[in-house]
Amino acid sequence: MAVTAVVVLSLVNLSGLPPVPAGGDKVEHFLAYALLSASAVQLFAKRRACLLVALLLVTLGIGLEFAQGILTSTRMADPRDAVANTLGVLAGLATMTTPLRDLLLRLRG
């Protein structure tokens, strides 16, 4: 569901929304992909599965930037967005090495 939301929000016309402060969209990209990646860490027990999901999320982020440039007339491809997406994925993946690794299991407890 969250991945679908990212895909849709990446491709729809958002020009009717209030403008984001300079650089704010990079923060949004970073946070969205960090949350997706950290969620994968919570869902998959094996490190290999988490790494695969991280690779797929990086690919998604890059692919969506190309799609914005090719498929839409109201959005534009921005390599800096792809970098922010990738850094977000890495930040989310880094939660594997922290006490946050099993947060959902502890909350369910």
Side-chain angles (χ1 to χ4, degrees):
M1 182 77 152
V3 171
T4 302
V6 166
V7 170
V8 169
L9 290 171
S10 294
L11 297 175
V12 298
N13 181 355
L14 299 176
S15 62
L17 295 176
V20 177
D25 68 315
K26 305 305 178 257
V27 173
E28 291 172 348
H29 282 264
F30 177 86
L31 291 174
Y33 281 82
L35 288 171
L36 289 174
S37 183
S39 296
V41 168
Q42 295 296 307
L43 294 173
F44 298 102
K46 297 198 183 290
R47 182 180 187 91
R48 183 179 171 123
C50 292
L51 293 173
L52 176 61
V53 170
L55 178 63
L56 292 172
L57 286 172
V58 168
T59 304
L60 175 69
I62 293 169
L64 284 172
E65 288 306 314
F66 279 108
Q68 285 178 344
I70 296 168
L71 302 176
T72 71
S73 60
T74 59
R75 308 294 294 267
M76 59 185 232
D78 185 348
R80 294 170 296 174
D81 287 346
V83 170
N85 297 343
T86 300
L87 292 174
V89 170
L90 293 174
L93 190 62
T95 64
M96 271 195 316
T97 63
T98 71
L100 295 174
R101 170 66 174 111
D102 296 318
L103 179 65
L104 290 181
L105 288 174
R106 287 196 303 272
L107 291 176
R108 193 179 102 186

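Both backbone and side-chain heavy atoms feed into the values below; hydrogens, waters and symmetry mates do not.
Apart from L52 itself, the hydrophobic cluster it occupies contains L56, where clustering links Ile, Leu, Val, Met, Phe, Trp and Tyr at side-chain heavy-atom distances under 4.5 Å. When hydrophobic side chains of Ile, Leu, Val, Met, Phe, Trp and Tyr are connected at separations under 4.5 Å, L55 ends up as a singleton with no cluster partners.
For the side chain to side chain contact (heavy atoms under 4.5 Å, CB included) test, residues two or more places apart in sequence or in another chain that qualify with A38 are T95. Residues satisfying the salt bridge (charged side-chain N to carboxylate O under 4.0 Å, His left out) criterion with R80, sequence neighbours excluded, are D78. With sequence neighbours excluded, no residue satisfies side chain to side chain contact (heavy atoms under 4.5 Å, CB included) with A77. Legend: residues meeting salt bridge (charged side-chain N to carboxylate O under 4.0 Å, His left out) with D25, ordered by chain and number and at least two apart, are absent. A search for side chain to side chain contact (heavy atoms under 4.5 Å, CB included) contacts involving V27 returns L31, not counting sequence neighbours.
Linking Ile, Leu, Val, Met, Phe, Trp and Tyr residues whenever their side-chain heavy atoms come within less than 4.5 Å leaves M96 and L103 in two separate clusters. Taken together through direct or relayed side-chain contacts under 4.5 Å among Ile, Leu, Val, Met, Phe, Trp and Tyr, V83 and L64 form parts of separate hydrophobic clusters. A continuous path of Ile, Leu, Val, Met, Phe, Trp and Tyr side chains, each step under 4.5 Å between heavy atoms, connects F66 with V58, placing both in one hydrophobic cluster. Hydrophobic clustering (side-chain heavy atoms under 4.5 Å, transitive across Ile, Leu, Val, Met, Phe, Trp, Tyr) groups V8 together with L14.
The CE atom of M76 lies 10.5 Å from the OG1 atom of T72; values are rounded to the nearest 0.5 Å. In this structure, the separation between CD1 on I62 and CG on L57 is 11.0 Å, given to the nearest 0.5 Å. To the nearest 0.5 Å, atom CD of residue E65 and atom CG of residue L60 are 10.0 Å apart.
In terms of modelled atom types and a separation under 3.5 Å, the side chain of Q42 and the main chain of R101 share a donor-acceptor contact.
The salt bridge (charged side-chain N to carboxylate O under 4.0 Å, His left out) analysis of residues 44-54, with sequence neighbours excluded, yields no pairs. Pairs engaging residues 1-20 under the side-chain hydrogen bond (donor to acceptor under 3.5 Å, both in side chains) rule: N13-S15 [sequence neighbours left out].
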Can I get a per-line list of side-chain donor-acceptor pairs under 3.5 Å for residues 84-94, giving both atom names and the distance, sequence neighbours left out?
unit_1: N85; atom_1: OD1; unit_2: H29; atom_2: ND1; d: 2.8
unit_1: N85; atom_1: ND2; unit_2: D81; atom_2: O; d: 3.3
unit_1: T86; atom_1: OG1; unit_2: A82; atom_2: O; d: 2.9

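Looking at heavy atoms from C-beta onward, Y33 lies in side-chain contact with V6 at the 4.5 angstrom threshold.
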> Passes side chain to side chain contact (heavy atoms under 4.5 Å, CB included), V41 versus V53? Steps please.
Replying inline: CA-CA 9 Å; V41 168; V53 170; over 6 Å; no
